[in-house]
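These notes are about the structure you will find just below.
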Amino acid sequence: MTLVRSDNYMVIQGWMVGELGLKGNELLVYALIYGFSQASGQAFTGTVQYLSDWCNASKRSVLGCLKALVERGLLRKEETQGAFLKACR
């Protein structure tokens, strides 16, 4: 079962390809996160499984994309440790 509903969508903007040089799953992951975090104070708090479902890729592949995007300075990752699990935004 996928977390992506048939009425969900994402927007890939030209500058994501032309200026940032993104492609493949990195482009999809970036576009999804960008869509959730455009307004001031907003951040993507979804799961790796959600991103994985959108990309039709493994969680491992998505985690690699996230790591690469953070290393390139295109995403900022904030971690908080709760009582039972670690959350990232």
Side-chain angles (χ1 to χ4, degrees):
M1 180 176 132
T2 181
L3 296 173
V4 181
R5 296 188 331 249
S6 61
D7 61 338
N8 290 147
Y9 66 93
M10 78 168 111
V11 175
I12 296 175
Q13 299 190 31
W15 57 265
M16 294 175 182
V17 176
E19 294 176 30
L20 301 181
L22 294 171
K23 60 184 174 182
N25 286 340
E26 284 187 14
L27 173 62
L28 296 176
V29 168
Y30 184 85
L32 280 166
I33 291 173
Y34 181 82
F36 282 98
S37 53
Q38 291 181 51
S40 178
Q42 286 186 326
F44 177 77
T45 57
T47 64
V48 172
Q49 183 63 57
Y50 182 75
L51 295 171
S52 177
D53 285 354
W54 264 101
C55 296
N56 200 23
S58 68
K59 288 182 182 180
R60 183 181 203 161
S61 176
V62 168
L63 289 170
C65 291
L66 290 168
K67 181 179 179 186
L69 291 166
V70 169
E71 287 174 353
R72 288 179 62 187
L74 298 175
L75 294 180
R76 186 181 63 197
K77 178 180 177 181
E78 298 174 3
E79 297 180 3
T80 54
Q81 184 64 49
F84 298 102
L85 60 106
K86 176 176 67 172
C88 298
R89 1 175 317 128

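When a residue number appears, it is its place in the shown sequence, counting from 1.
Residues Ile33 and Leu69 have side chains not in contact (no heavy-atom distance under 4.5 Å, counting atoms from C-beta outward). In this structure the side chain of Ile12 reaches within 4.5 angstrom of the side chain of Leu28, judged on heavy atoms. Between Val29 and Leu22, every side-chain heavy-atom pair lies at or beyond the 4.5 Å cut-off.
Sorted by first then second residue, the ring pair (Phe, Tyr, Trp, His ring centres under 6.0 Å) pairs that include residues 2-38, not counting sequence neighbours, are Trp15-Tyr34, Phe36-Phe44.
Annotation: the span from Leu20 atom CG to Gln13 atom CD amounts to 10.5 Å, rounded to 0.5 Å. Between the NZ atom of Lys67 and the CG atom of Leu75 there is a distance of 14.5 Å, given to the nearest 0.5 Å. Put simply, CG on Asp53 and NZ on Lys59 are 9.0 Å apart, with the number rounded to the nearest 0.5 Å.
In this structure, Ser52 and Ser58 approach most closely via the heavy-atom pair OG-C, 3.6 Å. Heavy-atom minimum distance, Met16 versus Val11: CE-O, 4.2 Å. Pairing each heavy atom of Ala43 with each of Ser37, the nearest pair is CA-CB, 3.9 Å.
The number of heavy-atom neighbours closer than 6.0 Å to CG of Asn56, taken from other residues, nucleotides and ligands shown, is 12 or below.
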